[in-house]
2 protein chains.
Amino acid sequence: MASRAKATILDIAREAGVSKSTVSLVLQGSGLIRPETAVKVRKAIEDVGYVYNRGAANLRKAHSNVIGMVINDLTNPFFAELAVGMERVFQAAGVVPFIANTAENPVRQEEVLKSMMEQGVAGLIVSPARGTTPGAFRRIEAAGVPVVFAMRRLPESRIPAIAPDNHRGAVLATEHLIRKGHRRLAFFGGSSDLVVYQERLGGFLEACETLGIPAADRLIVEGETSRKGGMACLETALAIPEPPTAALCFNDAVAFGVMLALRKRGLEAGTDFAVVGFDDVAEAEHYSPALTSVAVDTAGLGERAAHVMLKMIQSRTTRAEDHIGAVSLVVRESSGPDRNTQVGDAA
Amino acid sequence: MASRAKATILDIAREAGVSKSTVSLVLQGSGLIRPETAVKVRKAIEDVGYVYNRGAANLRKAHSNVIGMVINDLTNPFFAELAVGMERVFQAAGVVPFIANTAENPVRQEEVLKSMMEQGVAGLIVSPARGTTPGAFRRIEAAGVPVVFAMRRLPESRIPAIAPDNHRGAVLATEHLIRKGHRRLAFFGGSSDLVVYQERLGGFLEACETLGIPAADRLIVEGETSRKGGMACLETALAIPEPPTAALCFNDAVAFGVMLALRKRGLEAGTDFAVVGFDDVAEAEHYSPALTSVAVDTAGLGERAAHVMLKMIQSRTTRAEDHIGAVSLVVRESSGPDRNTQVGDAA
DNA sequence: CCCTATAAATGGAACGTTCCAATAAATCAA
DNA sequence: TTGATTTATTGGAACGTTCCATTTATAGGG
């Protein structure tokens with residue numbers, strides 16, 4: 001079995017009675033080696049329990065086969081789905097993606113990015129944490145390592161971004177609510193330091209404008225992008241004199257929170273108050289009532305991001321075009337018509 | 001700015017007017033360097049846009065600061081929570097965990113493990129994919145790299161495992177159902193090639209035994225550990241002549257599926273059929289009706305696993321003790337008393 | 001039988017770091 | 001002053017690969 005000290009190609013060269021160069025060639029699957037020799041070498045590799053040292057190899061080879069995925073919140077199933085989409089593509093390309101979580105913390109993100117760079121990644125796919133400073137990727141760009149943003153983008157950056165058509169999605173959702181008869185609308189959750197927020201809120205406001213909802217009848221409540229945040233939003237909204245009868249939520253997590261808060265008040269989403277989410281996570285379909293949401297084809301965007309990254313690596317460029325993914329509104333039960341009830345009274 | 005070719009410590013040595021050794025010392029935060037020199041060096045590092053090459057360093061240093069986390073299903077929020085727990089600990093220890101997903105595929109797992117080994121990880125925390133062959137970790141053990149299993153273990157392996165007390169959890173849950181008056185019980189989901197399954201099913205059967213539920217009144221339905229699997233289980237169960245009135249589910253995903261299938265039939269979990277889940281994911285509390293589940297302190301187990309790993313690395317051993325985490329039953333709405341109704345008829 | 005062409009295998013230098021042993025400079029005791 | 005001690009700094013030899021330029025073996029053509 002394996003000796004204490006790690007085996008190197010020299011050990012296996014000795015074992016197989018060839019030179020280290022031959023072993024190296026076999027390892028790389030070169031056709032220059034006589035098949036019988038290759039077999040002999042592979043046997044020695046097996047016997048000795050050799051493990052390839054990619055670090056040493058990368059010292060000579062220009063670049064590695066690892067790609068870093070830096071994600072701001074792994075516990076959000078939305079991002080996990082994104083990661084899975086990317087993995088599909090990378091696997092087929094023989095590339096191994098390493099994932100790291102930043103937990104929405106820019107400092108942690110800095111550490112993680114640094115670590116990945118030190119590891120010599122060939123490229124980086126990032127969903128930047130909230131509050132990422134503009135300069136955070138300067139070093140990485142300067143080093144010539146390709147970066148693509150997924151789902152989120154940074155305001156000033158020229159790094160290519162793969163994201164859904166947030167504006168359009170919000171317009172679709174808002175029009176849907178208005179067409180259902182709602183006249184006092186709210187936008188719940190998120191915070192304005194996110195570009196995504198501005199895009200989604202922008203779509204909401206634009207639809208209100210075009211379909212004649214006066215500014216006085218629009219309510220905007222910022223909040224955490226979590227169930228808890230959604231609950232808080234609803235409480236805030238129902239506390240005002242003429243509360244809204246429908247809300248577009250920043251994302252599904254917020255929407256779930258809103259529905260939960262409704263239930264706590266004895267109200268039902270869909271009949272007493274219309275709720276629309278964003279992202280259409282798997283759970284949305286299974287919730288009760290099922291959540292109307294803007295589908296963004298998460299896994300598809302992940303695949304797209306991975307493809308863009310591979311292309312960038314291949315053409316050794318650090319530039320690429322943005323990609324805006326198509327969206328669609330999936331209407332389910334949570335967005336019923338306005339019943340013209342004073343929901344505020346029910347509390 | 002950064003030149004085309006990557007800067008090395010030699011470049012920054014020249015820039016700062018010192019030797020490469022001095023730069024190396026500064027990089028490692030050695031106290032041997034005069035503070036002013038260190039400042040000078042650090043400035044050069046900044047100016048040149050130098051990025052440390054950990055691969056080269058690992059060639060000399062015995063081991064690296066990266067730990068691999070290999071997880072069988074990232075889209076299950078349960079595992080994401082586990083990952084988050086581990087990350088907390090590793091971050092504090094200055095270690096960067098790289099996560100990779102195997103999507104419950106042993107072949108993929110093999111690739112991922114190989115890649116991590118090649119990358120020179122200091123240790124591996126693994127939640128093994130279903131169908132992992134006994135020999136899958138032989139090479140890794142032989143190489144002296146510490147491995148710990150989290151949440152799942154392998155039948156024959158001597159690799160330390162950190163897992164909840166599955167048996168006890170299942171006993172608690174089953175006793176709860178029986179005490180609620182249920183007499184015909186089912187165990188839904190999972191498959192017998194998982195040790196976890198055997199433990200949970202074992203607890204279920206033991207509790208049935210001690211509390212006098214005859215074998216004829218116990219129904220065991222294997223199935224996918226997903227919502228879809230859960231739905232299928234319920235259908236199967238309600239198709240038999242004397243269907244059960246309550247079920248312990250292999251995990252929460254299965255339980256959610258069961259509840260969904262119930263609703264599709266116009267039945268309600270808790271009143272028409274009692275459902276208990278396992279793992280107590282965050283969602284359980286927020287479901288409607290809220291899901292009774294066995295809480296396993298996921299993040300806590302993640303932390304524990306990380307601690308064990310750090311200790312193993314530090315003491316350069318490949319052995320450690322198993323750790324069985326305490327569990328508790330969280331009773332919510334989904335597990336009401338038996339109403340003695342013939343639920344099978346409702347279809 | 002020699003020369004050239006092709007195929008297969010090889011030695012050595014390089015990659016960017018660490019670490020040891022050695023040097024140089026500064027401080028101190030006598 | 002001298003030698004011993006401490007404090008900072010340094011060159012050089014690894015580490016495990018790749019890749020280029022060679023070498024060696026095999027075959028083919030005249």
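Chain A is the first sequence line, chain B the second, and so forth, proteins listed ahead of strands; every chain is numbered from 1.
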Notebook entry, point to check: Which pair of heavy atoms, one from Val148(A) and one from Ile159(A), lies closest together, and at what distance?
Noted result: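 Minimum heavy-atom separation between Val148(A) and Ile159(A): CA-CG2, 4.1 Å.
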Notebook entry, point to check: If you look only at pairs with a residue in residues 116-164 of chain A, which of them pass as a ring pair (Phe, Tyr, Trp, His ring centres under 6.0 Å), with sequence neighbours excluded?
Noted result: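 Listed once each, the pairs are Phe137(A)-Phe149(A).
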Whether the side chain of [X] engages the backbone of [Y] through a donor-acceptor N/O pair (distance < 3.5 Å, no angle test) should be reported.
X        : Y         : result
Asn72(A) : Thr102(A) : no
Asp73(B) : Ala103(B) : no
Glu81(B) : Ala299(B) : no
Arg54(B) : Gln119(A) : no

Please state how far atom [atom1] in [X] lies from atom [atom2] in [N], giving the value in whole angstrom units.
X        : N       : atom1 : atom2 : result
Leu10(A) : dC15(D) : CG    : C1'   : 11 Å
Lys61(B) : dC20(C) : NZ    : P     : 13 Å
Ile9(B)  : dC15(C) : CD1   : C1'   : 12 Å
Asn58(B) : dG16(C) : CG    : C1'   : 12 Å
Arg54(A) : dG16(C) : CZ    : C1'   : 18 Å
Glu36(A) : dA9(C)  : CD    : C1'   : 13 Å
Leu59(B) : dC19(C) : CG    : C1'   : 13 Å

Next item on the list: Give a yes/no on whether any side-chain N or O of Thr8(A) is located under 4.0 angstrom from OP1 or OP2 of dC15(D).
Entry: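 So the side-chain polar atoms of Thr8(A) never come under 4.0 Å of the phosphate oxygens OP1 or OP2 of dC15(D).
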Check: Does OP1 or OP2 of dA9(C) have a side-chain N or O of Arg34(A) closer than 4.0 Å?
Finding: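 Checking Arg34(A) against dA9(C): at least one side-chain N or O falls below 4.0 Å of OP1 or OP2.
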Next item on the list: Please say which of Arg108(A), Lys114(A), Gln109(A) ends up in a side-chain hydrogen bond (donor to acceptor under 3.5 Å, both in side chains) with Glu111(A).
Entry: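 Exactly one option meets the side-chain hydrogen bond (donor to acceptor under 3.5 Å, both in side chains) with Glu111(A), and it is Arg108(A).
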Checklist line | Under 4.0 Å protein heavy-atom contact, by nucleotide of nucleotides 21-27 of chain C - B base, S sugar-phosphate only | finding: -------
Item checked: Contact list for DNA chain D against residues 11-29 of chain B - heavy-atom distance below 4.0 Å ->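 Heavy-atom cutoff 4.0 Å gives Val18(B), Ser19(B), Lys20(B), Ser21(B), Thr22(B), Leu25(B).
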Notebook entry, point to check: Are Glu321(B) and Lys311(B) within salt-bridge range, i.e. N to O under 4.0 Å?
Noted result: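 No, no charged N to carboxylate O under 4.0 Å.
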